[in-house]
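The structure under discussion appears below in the form of structure tokens.
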2 protein chains.
Amino acid sequence: MSYEKLPLEPLFAKIDELKPQFISRLEKAIAIPSVSSDESLRPKVVEMAHFLVKELTSLGFEDIQLRELGIQPPPVINKSLHLPPIVLGRYGNDSSKKTVLVYGHYDVQPALLEDGWNTEPFKMHHDEVKDILYGRGSTDDKGPVLGWLNVIQAHRELGWEFPVNLVVCFEGMEESGSLGLDALVAQEAKQYFKNVEQVTISDNYWLGTTKPVLTYGLRGCNYYQIIVEGPGADLHSGIFGGIIAEPMTDLVKVLSTLVDSSGAIQIPGIKEMIAPLTEKEDKLYDDIEFSVEELNAAAGSETALHDNKKDILKHRWRYPSLSIHGIEGAFSGAGAKTVIPAKVIGKFSIRTVPNIESAKLDQLVYKFINDQFKSLNSPNKFKVELIHDGAYWVSDPFNSSFQAASKATQDVWNVVPDFTREGGSIPITLTFEQELGVDVLLLPMGRGDDGAHSINEKLDVSNYINGCKTLGGYLHYYGKS
Amino acid sequence: MSYEKLPLEPLFAKIDELKPQFISRLEKAIAIPSVSSDESLRPKVVEMAHFLVKELTSLGFEDIQLRELGIQPPPVINKSLHLPPIVLGRYGNDSSKKTVLVYGHYDVQPALLEDGWNTEPFKMHHDEVKDILYGRGSTDDKGPVLGWLNVIQAHRELGWEFPVNLVVCFEGMEESGSLGLDALVAQEAKQYFKNVEQVTISDNYWLGTTKPVLTYGLRGCNYYQIIVEGPGADLHSGIFGGIIAEPMTDLVKVLSTLVDSSGAIQIPGIKEMIAPLTEKEDKLYDDIEFSVEELNAAAGSETALHDNKKDILKHRWRYPSLSIHGIEGAFSGAGAKTVIPAKVIGKFSIRTVPNIESAKLDQLVYKFINDQFKSLNSPNKFKVELIHDGAYWVSDPFNSSFQAASKATQDVWNVVPDFTREGGSIPITLTFEQELGVDVLLLPMGRGDDGAHSINEKLDVSNYINGCKTLGGYLHYYGKS
């Protein structure tokens with residue numbers, strides 16, 4: 001698929017002209033602390049949904065719906081807490097045009113000034129020297145969500161016809177497990193989302209800080225727990241130390257066998273399932289802008305496991321990894337406590353990649369870990385189980401939507417974007433792909449250092465404005481496919 | 001040392017007669033929630049000190065002092081929080097009599113009805129069917145502290161001369177690290193405590209539930225932490241899994257080398273320091289009332305590491321043990337969190353016994369653990385260090401105070417008490433022995449199932465009343481030595 005260059009300059013000029021209004025729209029959105037994990041702020045999440053409905057209405061969207069998802073399932077403090085609604089809307093319904101669904105989320109991570117923010121997290125701060133917009137949700141995901149709306153406003157003010165039919169699906173629980181979303185997507189696949197031919201999600205980030213990227217792959221994640229149970233209650237190590245089998249002893253022994261200090265997974269059979277690296281794929285890594293130094297800067301240490309860009313990227317994107325996250329039930333406070341924990345639960349997860357079969361992986365994990373425990377001859381009770389899994393996702397970076405986004409990116413940024421994968425998972429990607437049976441494109445707006453879940457979250461004005469241009473340009477190219 | 005039987009029946013009868021008053025005295029003490037670890041309850045701890053002063057005054061004590069210990073050192077919320085005072089008092093000052101110091105504490109562990117108590121923890125509940133007194137502090141340590149006062153009241157009402165000069169030292173921070181006590185004991189060794197010839201502490205428990213014991217040994221405890229530090233902040237395992245050296249991987253590997261699942265410490269050189277077991281000592285374990293079943297009942301499981309009484313008791317009292325308590329800095333909550341913890345601190349401790357030298361033990365531990373970490377070839381930062389140590393203590397069960405207490409126990413309970421050691425430490429024991437240069441006797445009042453730090457803490461009325469008789473009888477026999 002290759003596209004002719006389109007005359008998008010008037011659109012880009014209009015977007016530049018509307019910059020103050022777009023920044024003001026984002027400022028209003030940031031001012032609503034729509035933290036989905038904080039039950040006391042649930043009314044603010046709902047307020048944010050209504051804010052979006054008002055914006056969609058004024059932009060001429062039709063069939064706008066606030067879809068209620070019912071009561072939030074436990075664990076909750078308020079047992080009658082309602083899930084925030086999903087906002088649906090439709091812009092254009094012309095059967096001669098392609099229909100694109102854009103997904104985004106209007107909820108945000110928690111944020112408190114005391115956490116270390118330099119400015120109030122829910123009061124947008126425009127640093128005019130650096131031309132950066134600071135505030136919770138600026139890049140994750142209010143900036144990108146409003147980006148789609150900004151594109152429509154620019155078209156309306158230009159008097160341009162919109163190049164596609166746009167369906168929006170904005171949820172308010174993304175930061176809290178996307179409760180209710182899967183069911184809604186499944187239910188609406190043949191209803192509200194009937195004619196959708198393509199799904200575009202702008203909810204991830206550039207790899208680095210200077211070069212745009214398009215993302216065509218995500219690792220999956222199988223998360224396990226190992227439960228070791230001995231005494232009926234926590235015991236005092238003075239009284240019981242040396243005479244009772246201690247669950248922590250068994251647990252650290254089993255955990256210690258899973259992965260070595262160089263990151264190599266020790267569970268047999270996993271390596272064999274990894275898709276072989278082809279020469280073509282290997283070459284893809286050559287041009288990507290990244291360096292060991294960037295990794296060190298992001299990690300805040302010089303403890304990288306690989307000393308060159310390609311190995312780092314491959315191990316982040318196309319090889320599995322195993323991380324031990326922690327232990328539930330053991331002493332975890334500061335200081336010294338002489339406890340023998342009665343029941344301890346070790347947590348670890350494996351990032352999965354093509355062609356690791358999730359169910360087969362589980363069996364390999366269970367067998368290896370049970371064998372390790374058996375070899376200890378411990379009288380304690382033992383169990384290993386899956387907490388949750390999410391499959392990996394890989395798309396075709398040469399399909400029409402990726403190529404349309406690439407063309408738009410070149411028009412805006414004067415550079416061919418890097419085609420990247422990500423180490424983490426965005427489960428909704430796979431849900432849309434599977435339920436709607438269409439391709440998904442991940443088209444990020446922000447930079448790798450935006451601090452999506454950290455303090456001082458930001459979105460550079462250039463990323464916001466050029467991001468709008470890219471989203472708009474992409475729809476024009478994709479509309480021609 | 002052997003004692004002639006003394007005619008103590010009138011004293012015992014008087015104590016029986018005063019039972020309702022003694023129970024009422026304990027009820028008043030339990031009603032004061034003197035929780036030393038709860039800053040907001042500090043006024044109640046101080047109120048409890050004043051309660052004791054009032055009791056001591058009415059019983060004719062002299063030179064009663066409330067010794068202020070200054071501001072509580074950090075970590076505290078209220079930076080001007082005062083430590084609770086130590087209560088000193090003197091009963092009798094006859095140079096022809098022996099002088100005995102009794103130590104106890106008037107603070108208690110936290111307790112909330114919601115924790116699972118059957119009755120309000122700070123409202124004494126007398127179960128008249130079982131004849132048991134329930135309430136926080138009943139056995140730890142308000143019952144024993146008041147026991148000494150009850151003995152004096154009985155003597156006064158009988159018109160009997162008191163057999164010794166009694167010095168009391170009651171602290172209010174025992175459950176919170178005995179802050180300030182060591183310094184006071186050192187300072188008063190040649191002052192307030194000048195003529196003290198013997199220290200008696202009633203702050204531990206019978207081994208089981210039916211047979212009285214006298215305690216002549218305690219294990220020590222060296223508590224260590226292993227710090228592994230990698231990235232500058234916690235990282236997301238999706239993004240960094242497989243490309244960064246993970247501190248948890250290193251920590252569980254090192255922790256897994258310390259002890260095996262049968263409880264055998266794997267650090268070389270420790271075993272060699274343990275005092276050999278003599279035939280005479282081995283025989284001591286023959287008659288002690290204890291069983292595997294009692295251990296299983298106490299632990300709430302059938303996960304004992306030894307299958308016979310003698311091995312269990314030896315491993316509790318005279319062999320070292322190593323317990324892994326937990327990890328600070330890792331994920332410790334319920335559910336699944338895909339974090340790579342940046343800095344993790346593993347906590348473990350070794351219970352020490354004669355003749356393990358604490359400083360030499362530290363060196364063996366450091367060398368072994370550093371070697372283990374080196375073998376991992378990890379780029380992470382690593383440190384192992386001692387958090388605190390407390391030496392073991394062993395006294396002579398055949399000295400005059402133990403024999404006096406044994407004689408009194410036989411008079412009251414009609415049985416020769418078991419001479420036991422304990423697996424845990426009571427650091428103040430060693431402080432008194434070393435600072436005052438005198439023998440210390442541990443003379444418990446309560447039973448092994450009293451639940452000192454648990455819910456539904458209790459003291460059987462028979463233990464309270466017979467305990468008073470034993471304390472009184474002991475002072476009479478010891479006064480004759």
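The chains referred to below are lettered A, B, ... by the order of the sequence lines, with proteins before strands, and numbering in each begins at 1.
For A/Ile387, the part lying under 4.5 angstrom from a heavy atom of chain B is the side chain only. Of the two parts of A/Tyr319, neither the backbone nor the side chain holds a non-hydrogen atom closer than 4.5 Å to a non-hydrogen atom of chain B. Heavy-atom distances place no part of A/Ala264 under 4.5 Å from chain B, backbone and side chain included. Heavy atoms of A/Leu322 lying under 4.5 Å from chain B belong exclusively to its backbone. For A/Lys253, the parts lying near chain B are the backbone and the side chain together; criterion is any non-hydrogen pair under 4.5 Å. For A/His325, the parts sitting under 4.5 Å from any heavy atom of chain B are the backbone and the side chain alike. Heavy atoms of A/Ser425 lying under 4.5 Å from chain B are absent altogether. Using a 4.5 Å cut-off between heavy atoms, A/Arg316 touches chain B through backbone and side chain atoms alike. When heavy atoms are compared at a cutoff of 4.5 Å, A/Leu235 approaches chain B solely by way of its side chain, counted from C-beta outward.
Comparing B/Asp250, B/Thr338, B/Ile312 by how many heavy-atom pairs each has under 4.5 Å with chain A, the most go to B/Thr338. Highest contact tally toward chain B, considering only A/Gly230, A/Ala334, A/Gly424, is held by A/Ala334 [criterion: heavy-atom pairs under 4.5 Å]. Of the listed residues (A/His388, A/Glu229, A/His306), the greatest number of heavy-atom pairs within a distance under 4.5 Å of chain B belongs to A/His306. No other option in A/Pro75, A/Ala336, A/Pro320 has as many heavy-atom pairs under 4.5 Å with chain B as A/Ala336. Most heavy-atom pairs under 4.5 Å with chain A: of the set B/Gly333, B/Ser454, B/Ala233, this distinction falls to B/Gly333. Options A/Gln225, A/His315, A/Lys337, A/Lys314 differ in how many heavy-atom pairs under 4.5 Å they form with chain B, and the most are formed by A/Lys337. For chain B, the option among A/Ala342, A/Gly335, A/Cys221 with the highest count of heavy-atom pairs below 4.5 Å is A/Gly335. Annotation: maximal heavy-atom pairing with chain B below 4.5 Å, among A/Leu258, A/Ile340, A/Asp260, A/Asn377, occurs at A/Asp260. Chain A forms the most heavy-atom pairs under 4.5 Å with one residue out of B/Asp234, B/Val252, B/Ile244, B/Ile324, and that residue is B/Ile244. When each of B/Ala330, B/Ser262, B/Gly241 is checked for heavy-atom pairs under 4.5 Å with chain A, B/Gly241 comes out on top. The greatest number of non-hydrogen atom pairs below 4.5 Å with chain A, out of B/Gly423, B/Pro379, B/Ser321, B/Ser237, is found for B/Ser237.
Side chain of A/Arg421 to main chain of A/Arg219: no donor-acceptor pair is present (N/O by atom type, distance under 3.5 Å, no hydrogens or angles). For the pair B/Gln372 (side chain) and B/Thr257 (backbone), a donor-acceptor distance under 3.5 Å is absent. Remark: the backbone N or O of A/Asp389 is not paired with any side-chain donor or acceptor of A/Asn222 at under 3.5 angstrom.
Here the options are B/Val353, B/Thr420, B/Thr215, the test is side chain to side chain contact (heavy atoms under 4.5 Å, CB included), and the partner is B/Trp317; only B/Thr420 passes. Of the candidates A/Leu251, A/Ile227, A/Asn370, A/Asn370 is the only one forming a side chain to side chain contact (heavy atoms under 4.5 Å, CB included) with A/Phe382. Put simply, the residue from B/Val228, B/Leu255, B/Ile345 that forms a side chain to side chain contact (heavy atoms under 4.5 Å, CB included) with B/Ile327 is B/Leu255.
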Using residues 293-304 of chain A as the side-chain source, report each donor-acceptor pair under 3.5 Å to any protein atom, sequence neighbours left out, with the distance given to one decimal.
{"unit_1": "A/Ser301", "atom_1": "OG", "unit_2": "A/Thr303", "atom_2": "OG1", "d": "2.8"}

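The neighbour count for B/Lys309 NZ, taken as heavy atoms of other residues, nucleotides or ligands under 6.0 Å away, is above 12. Annotation for B/Lys310: atom NZ counts as buried by contact number, over 12 foreign heavy atoms lying within 6.0 Å.
Residues forming a side chain to side chain contact (heavy atoms under 4.5 Å, CB included) with A/Leu430 (at least two apart in sequence, or on another chain): A/Ala391, A/Trp393, A/Glu433, A/Gln434.
Side-chain N/O atoms of A/Asp449 and A/Tyr205 include no donor and acceptor closer than 3.5 Å. If you check the side chains of B/Ser349 and B/Ser323, you find no donor sitting under 3.5 Å from an acceptor.
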